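Data first, discussion second: the structure below is written as C-alpha cells.
Heavy-atom basis, side chains included; hydrogens, waters and symmetry copies ignored. Worth saying up front: this structure is predicted, and the values here are computed from it rather than measured. Here is how names work: the chains are called A, B, and so on, in the same order as the sequence lines, proteins then strands, and each is numbered from 1.
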Number of protein chains: 2
Amino acid sequence: MDPRLPDGTSTGTESRILLESLRLFAHHGYPATSVRAIAAAVGVKAPSLYEHFPTKEHILARIVHIGHQALLASFERTIAGCGPDPVSQVRELVRTDVLVHVTYPLLAIVANDELHHLSPARAADVLALRERAEQIALDAGRRGAEQGVFDGTELVATTAAIASMGVRAPYWFIPTPAYGPAELADAYAELAIRMLRPSSPHRDGRGGG
Amino acid sequence: MDPRLPDGTSTGTESRILLESLRLFAHHGYPATSVRAIAAAVGVKAPSLYEHFPTKEHILARIVHIGHQALLASFERTIAGCGPDPVSQVRELVRTDVLVHVTYPLLAIVANDELHHLSPARAADVLALRERAEQIALDAGRRGAEQGVFDGTELVATTAAIASMGVRAPYWFIPTPAYGPAELADAYAELAIRMLRPSSPHRDGRGGG
DNA sequence: GTCTATAGTTCGATAGAC
DNA sequence: GTCTATCGAACTATAGAC
C-alpha cells in the first residue's frame, strides 16, 4: 500500500520523512520503527532527520495530528454543505467518514493505533480534535431523535457502532474497479440510517425490538 | 482495567506472566514492553521468565492464540446451541461476539493489535482460527439471504461492518450497573438485524436504497 | 526455578567536520 | 543540510552459581 497524506501538509525532505515514517509506523508500529530505518527509507543517514524534526516523537505527533485534523475538517465541510435534515446529515457524515478513512488508510491506522505513544500533553491536543468531530456526529443524531426520524434509545451505542464501522474500514477494505470507496461509503451510509431509524412495528412480519 | 484470561489456560507463575504481559502489551504495545518490565510486574528478575517461555515472542503468541481460540470456541458453541433460523443465529452470534470482546477487553485488544508482531508462521496459525470464526458468521448471513429474510446485496460490507462493531467495543465501552455487557450485546444484536434486514420500500417516508 | 553478571546488539540523540 | 563517529542507555537472551 502506498503511503499518502492530505495535500499541502509539507514539502521536500520533510514531506518524504513523514511519508516514509507513515509507512513504517503502519507496518511495524511506532516503537518498533527505528530512526535509522526511517532515514534509510528516505535515503539519508539518521542524524539528518534531526535537522527536520527535533525527536522521533515529533514525527509521530505531526502524523497523528494531520490524521485527526483531516477528519475534523472534512466533517466541518460536510455539515456546512448539507441542509438541516438529520437524515441527510448523517448520510453525508458517514460517507465522509468512510471516504477519509479509506482514502488515507495508513494515516487512519497510524493516527488511531499509535496515538497512545505520544506524551499525555500531545495526545490531549489530538483527542480534543477527535471530540469535536464526535460532537458533530452526535449532534446530528440527537437532532434526528428530537424530530422523531431516529430512534432515541441506544443513541450512544448506535453512534459508537457507526463510528466503529468507519474506523475499521482501512484494515480490510481493498478497492477494486467495480467496488471502490464511493460504493463502500454509500453502503455504510445506508447501514447507518437503517441502524438509526425507528423500527416500524406496523411493517409486515415482525417489528423488531 | 484488570487483565483477565479465559479460565483453564495455565496456572501458577506462567499464568501470572501471561496476565501481566497482557496488561503491559495492551497499555504499551508489544515492542515497547521490555522483558524486564514483565518480570518486574510478576515480581521476579528477567532471566526467570525464560524458564517458562523460550522467548518474548512466545508469550505474545500464547496470548494471541488464546484470544482467537476463545472467540472461535464461543462461536461454535453458539451456533450449535441455537436453531436453524438465520435471524436467531445472527442475533446470538453478535451477542456472543460482543460478550467475548467486552468480557476480555485487554485480550481482545492485544490479540487484534499485536498479531502482526508474530512471525509469519505463528500469525498464519492464528489467522486460520479467525477465518473459521468469520466463516460461521458469513454462513449465517448467506442462509438468511437465501431465505429472503436478509438483504442479499452488500452482504460482505455488512458483515464487515457488524464485525467492526464488536472489535471496537473494548476500546470505548465501560460497563456500569445500569448498562452492562448484556445490554450492549442486545443493542448490537438488534442493530445487526436492522442492517441485514431488507429495507421495506412500502413504508411511509423514503424507502432507502 | 530463582538469582547475579554479562555478552552482544541496537536504540535515540549529539558533536563537529564539511 | 548532509555526513562520520560516537555516547550512554536500553534491549533480548545466555552462562553459571545456588
Side-chain angles (χ1 to χ4, degrees), chain A residues 5 9-65 110 113-123, chain B residues 5 9-65 110 113-123:
Chain A
L5 286 172
T9 49
S10 45
T11 57
T13 303
E14 186 175 291
S15 171
R16 294 218 316 286
I17 293 172
L18 290 174
L19 286 172
E20 295 299 334
S21 298
L22 173 61
R23 189 174 58 81
L24 290 165
F25 292 165
H27 282 175
H28 309 299
Y30 171 75
T33 301
S34 70
V35 172
R36 284 167 176 81
I38 298 171
V42 173
V44 297
K45 301 297 182 182
S48 299
L49 297 185
Y50 291 87
E51 288 293 320
H52 303 276
F53 295 92
T55 72
K56 176 184 163 187
E57 190 195 329
H58 281 75
I59 302 177
L60 176 63
R62 174 75 74 77
I63 291 173
V64 172
H65 186 91
V110 169
D113 288 1
E114 313 296 335
L115 165 65
H116 68 285
H117 292 298
L118 294 177
S119 69
R122 292 191 176 277
Chain B
L5 286 172
T9 49
S10 46
T11 58
T13 302
E14 187 176 289
S15 170
R16 294 218 314 287
I17 293 172
L18 290 174
L19 285 171
E20 295 300 333
S21 297
L22 173 60
R23 188 174 59 80
L24 290 165
F25 291 166
H27 282 176
H28 310 297
Y30 171 76
T33 301
S34 70
V35 173
R36 283 169 176 79
I38 299 170
V42 173
V44 296
K45 301 296 182 182
S48 299
L49 296 186
Y50 291 88
E51 288 292 320
H52 303 276
F53 295 91
T55 72
K56 177 184 162 186
E57 190 194 329
H58 282 76
I59 301 177
L60 176 63
R62 173 76 73 77
I63 291 174
V64 172
H65 187 90
V110 169
D113 288 1
E114 313 296 336
L115 166 64
H116 68 285
H117 291 297
L118 295 178
S119 69
R122 291 191 176 277

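Side-chain atoms of B/Y30 never come within 3.5 Å of backbone atoms of B/D113 as a donor-acceptor pair (strictly under, hydrogens ignored).
The interatomic distance linking A/E14 (CD) with D/dT2 (P) rounds to 12 Å, in whole Å. Summarising the geometry, the separation between CG on B/L49 and C1' on D/dC11 is reported as 14 Å, rounded to the nearest angstrom. Computed from coordinates, the A/R36 CZ to D/dT4 P distance equals 12 Å when rounded to whole Å. Taking atom NE2 of A/H117 as the reference point, atom C1' of C/dG12 lies 16 Å away to the nearest angstrom. Put simply, NE2 on B/H28 is 12 Å from P on D/dC11, counting in whole angstrom units.
Checking D/dC11, C/dT4, C/dC11 against every side-chain atom of B/S34, the shortest atom distance belongs to D/dC11. Comparing D/dT4, D/dT2, C/dT4 by their closest approach to the side chain of B/K45 singles out C/dT4. Closest to the side chain of A/P47, out of D/dA15, C/dG12, D/dT4, is D/dT4. Comparing atom distances between the B/V44 side chain and each of C/dG12, C/dT4, C/dT2 picks out C/dT2 as nearest. Listed nucleotides: D/dT14, C/dC3, D/dG1. Nearest to the side chain of A/E51: D/dG1. Side chain of A/S48, nearest nucleotide from C/dG12, C/dA5, D/dT2: D/dT2. The side chain of B/K56 has D/dA13 as its nearest neighbour among C/dC11, D/dA13, D/dC3. Among D/dT2, C/dA5, D/dA13, the nucleotide with an atom closest to any side-chain atom of A/H52 is D/dT2.
Between B/L60 and the options B/T33, B/T55, B/L22, B/V110, a side chain to side chain contact (heavy atoms under 4.5 Å, CB included) holds for only B/V110.
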Test side chain to side chain donor-acceptor pair (under 3.5 Å) on A/R122 and A/H65 and set out the steps.
CA-CA 9 Å; A/R122 292 191 176 277; A/H65 186 91; over 6 Å; no
